[in-house]
Amino acid sequence: MSRAGRTPLATDVTRRRVLRAMGSSALNLGAAALAPGLVSCVAASSSQDRDNDVLTWGFNGQAETLDPYATNKRTAQLLSGHVIERLVYRDPASAEARAALAKSWQWVDERTLEFALRDDVWFHDGQHFDADDVLYTLHYIKDPSQQVVFSDTDYGFIKEAQKLSPYVVRLVLNTPTPSAIDRLTQVFFILPKGYHSRVDRQTFGSRPVGTGPFQVTAFESGHKVELTRFERYYPAAWGTPSLRQIIVRCITDPQTLVAEMETGGIDFIWDIQRDQLGQVEDSPRIAKFSGGSTEIYFLRLDVVGKRPGSPTRDKNVRLAILHAINRPDIAHILMGPGSQVLNAPCHPRQFGCFQDVMSYDYSLEKAEAALKRSAYPNGFPLTVSAYSDGGAMAEAIVGDLSAIGIKATLDYRETSAILKDSYAGLLPALVIDWPSSGVYDASAMVANFFQGTVNDYIMDQDVQGWLAAAAATADRAVREDNYRRAFEKIANEAYLVPLVTGVTYYAADSALEFPRPQDGFPLMYMARWA
Amino acid sequence: MLPFLGRKILEAIAVCLFVSALTFLLVNWTGNLAVSLAGEGADVEVHRISALYGLDRSVGVRYLQWVAHAARGDLGESYFSHERVGAMIRARLPVTGVLALASLLLALLIAIPMGVGAAIRPGSWFDRLSRTIAVLAQAMPSFWTALLLIMLFSVELRWLPPSGTDSWRNFVMPALALAWFVMPVLLRLTRAGMIDVLSADYIRTARAKGLPRRTVLFKHALRNAILPVVSVATVQLGLLLGGSIVIENVFALNGIGLMAWDAINRSDYPVLQGIVLIVALLFVLLNLAADLINALLDPKLRTR
């Protein structure tokens, strides 16, 4: 039997696919018998959408608020970004920062950024945009009494904003942050000073006002959002919106999402699993494709011994685990084309990420030999925890570890339940899916896992020192040197198992044109019907 | 009547307190609202948010505070959307209510005639067919039934939309799927009740008097056989109101089932507590309604 044949990956079969296949056979018979010639009663809404310049987006999640500061979900913030703009945005094709509300920017020194703002921008409520809105927004974010989610994580690097003139502002940073501009393409949504200070959070969440190319004309929490083109939108660097309306329908069940796509009820699906995309029928009307992502997956191990007697403190055990996990199969079969096996826990596109460090091939012989050299030659029980999208990967890992005598079991739970235990130091092995907040800089990856936080299950003083040194300067060479040292030691000591990079899957009406994003976050306000 | 109502109100209060306390404890043991709010990898945020929202207080204190507010009719607000929980439930309850009522009516429309037909000739081909259907319906998970319906009526035949709440057509498949799930128990009860009643002396007497078959069946037999069906149907309605989570999820119906599912996933306990409280109250009211309907149908019950 091939190695792949023993993993749950190789079969590429899910419970739902089996059920669906069974159901499909029965229903094909039933449908054929019932009414093969009946006229369809479901409107071909896709062609209507095209004629009316409307896009219906099947949203694989719950949009319970459009207030970007009330949610930690990047997916929800993606919708907010259609309404509330940032100073800069990330060009989908090049992944470079481009001007949005800021016409231009420059570094004054390594801790000060100066922005020249556009003077032709209007909010949806008719108010004019200027520097006061930027200052108001930062003041709101930094106010500890405000219930702003992620205020430290996303905005901790900003110290204050200064107004030099109605259309020139400076952001003063707490530490040198060379990735600041890239970070600002993902965060810092500019709020309207007047409207935002007048309404409560619930009102702003359901009827937000921004400067974006679309304004909210209807909102049903968790169910539907209707965005209509903002006719006073300024001539942005990327252009102006072509679509008249974007209707976002929240459909949490992937099978229903697929059925809606097939029946023309929706025109676009984003961020679905590979096997779900495979269920969308092959038809000239539907284009299926994959694209990049900033996500990486890795298996964190309890190296420091947060749980007494943790076997993964033993380097030979960690080596055995590294050699036993079939990462090429995880990349090729589970994640699909475009996924890359990692040697270091960072995304290859990130600044400071070095993948040319010690690598460990998939070899059962080497894995068994390492386990024999360890204090646990006959194996040991190991719970592999996972949440969210990490479940299938954890299943594969459990299968692989069992092959060398490690009695692995799967612990797949809801995200907050897993994270609660993770913070308490209770998880010996955890599959982590980390998008680095969409930032192409290793600092967005390492700060959380290797610099002494509760998520640091390694607690290596050398690694912490190098990463602190990298974070304290804007000097590229110094930063690169320190990141390299840190990633080399993490690899040499086999502190964790870097797994693979993520892939984003899409299905869209083939007549729909939109820039394919490198980071996995499509800017649908740029979309148009061919 | 007053002592009866007083007892029911006390029962309702006890049920609501018990289920809300249990839900509160389970949600807090299994998840963490601050972690849900802060997101992964943000322990500093978790501490800040815990302090900001008062989540660092003990579970008992927070529960008592919730009870005190709920007693004044204030169910709080969602920690995520910041909507008032009362308004959220009011907006979504009609969707779940319509779905539950339609499903129950559909199930009764199938189960009662089928149960009566099966009971008239036990062991006949119709009886065997109805029992096979009941077993099949009971054995099929509701999400699978739902997916099969979507594939048949939406993907293959293109008759009905797969999801949404835009028109009555959106409710056909969810109601069918739920009715299919609820129908077996009603069918079995009707059949068993009718077989029992049809062998009773008073039915033999009615037949001997030469009463028309339809009168014997529907006026004398079914009226008595239907009593347990009424009781179970009201309980089923309560279950449908609180338990259509899977169906609402599959068909993207914005009802309280889907809302409860989201609240559980995010440990958004004010929302979950609100739903549990309302569903528990509805359960109690439905049980009361069942008692009253049974009393109307059976004069003997009124005198007890």
Side-chain angles (χ1 to χ4, degrees), chain A residues 16 19-20 23-24 26-28 30-31 34-35 38 40-42 62 64-65 67 70-73 144-145 147 149-153 200-202 205-206 220-224 249-253 255-256 259-260 262-263 265 387 413-417 419-420 423 432 434 448-449 453-455, chain B residues 30-46 48-49 52-53 77-84 87-88 91-92 141 143-144 146-148 150-165 169 249-254 258-259 261-262 264-267:
Chain A
R16 284 202 163 174
L19 292 170
R20 188 185 159 106
S24 181
L27 286 182
N28 283 338
L34 263 172
L38 282 175
S40 164
C41 291
V42 174
Q62 292 277 294
E64 71 271 356
T65 177
D67 179 351
T71 177
N72 60 44
K73 292 184 193 164
S145 68
Q147 295 164 348
V149 171
F150 260 34
S151 67
D152 282 339
T153 310
D200 61 22
R201 296 196 77 186
Q202 194 261 322
S206 58
E220 278 181 69
S221 178
H223 186 58
K224 202 175 195 176
R249 291 182 52 199
C250 302
I251 302 172
T252 47
D253 188 279
Q255 309 293 330
T256 312
E260 285 283 8
E262 288 181 356
T263 56
Y387 59 94
R413 282 178 284 154
E414 187 267 318
T415 303
S416 76
L419 294 180
K420 185 180 171 188
Y423 295 163
I432 292 177
W434 189 253
N448 197 41
F449 298 103
T453 68
V454 289
N455 280 318
Chain B
T30 54
N32 186 321
L33 176 58
V35 172
S36 287
L37 283 164
E40 49 196 300
D43 59 304
V44 178
E45 290 287 312
V46 172
R48 188 181 68 82
I49 287 170
L52 194 62
Y53 284 77
E77 67 173 36
S78 163
Y79 280 96
F80 290 84
S81 68
H82 300 282
E83 284 177 276
R84 301 302 301 171
M88 289 172 84
R92 289 163 178 82
F143 81 88
W144 192 48
L147 292 177
L148 292 180
I150 289 177
M151 286 169 65
L152 177 62
F153 292 113
S154 299
V155 178
E156 301 290 341
L157 300 174
R158 308 282 170 113
W159 288 354
L160 296 165
S163 66
T165 47
R169 290 165 63 233
N249 193 32
V250 171
F251 291 103
L253 295 173
N254 205 22
L258 190 58
M259 192 165 91
W261 173 248
D262 287 333
I264 293 166
N265 275 333
R266 298 185 302 213
S267 307

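Quick note on labels: first sequence line is chain A, next is B, and so on, each numbered from 1.
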Report the distance from atom [atom1] of [X] to atom [atom2] of [Y], rounding to the nearest 0.5 Å.
X: A:D200; Y: B:H82; atom1: CG; atom2: NE2; result: 10.0 Å
X: A:R249; Y: B:N254; atom1: CZ; atom2: CG; result: 11.5 Å
X: A:T252; Y: B:N249; atom1: OG1; atom2: CG; result: 3.5 Å
X: A:E260; Y: B:I150; atom1: CD; atom2: CD1; result: 8.0 Å
X: A:E220; Y: B:T165; atom1: CD; atom2: OG1; result: 6.0 Å
X: B:E83; Y: A:S221; atom1: CD; atom2: OG; result: 4.0 Å

Chain B heavy atoms under 4.5 Å from [X]: which part of the residue, side chain, backbone, both or neither?
X: A:T71; answer: neither
X: A:S206; answer: neither
X: A:E414; answer: side chain

Which region of [X], side chain (C-beta onward) or backbone (N, CA, C, O), has a non-hydrogen atom less than 4.5 Å from a non-hydrogen atom of chain A, or is it both or neither?
X: B:L258; answer: side chain
X: B:D262; answer: side chain
X: B:Y53; answer: side chain

Taking NZ, NE, NH1 and NH2 as the nitrogens, is one of them in A:E64 or B:R266 under 4.0 Å from a carboxylate oxygen of the other?
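Yes, this pair counts.
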
Among B:S81, B:P141, B:S163, who wins on heavy-atom pairs under 4.5 Å with chain A?
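It is B:S163.
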
Does the A:T256 side chain pair with the main chain of B:V250, one donor and one acceptor, at a distance under 3.5 Å?
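Yes; at least one donor-acceptor contact below 3.5 Å.
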
Minimum-distance pair of heavy atoms, taken over all atoms of B:V46 and A:Y423:
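Looking at all heavy atoms of both residues, the closest pair is CG2-CE1, 3.6 Å.
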
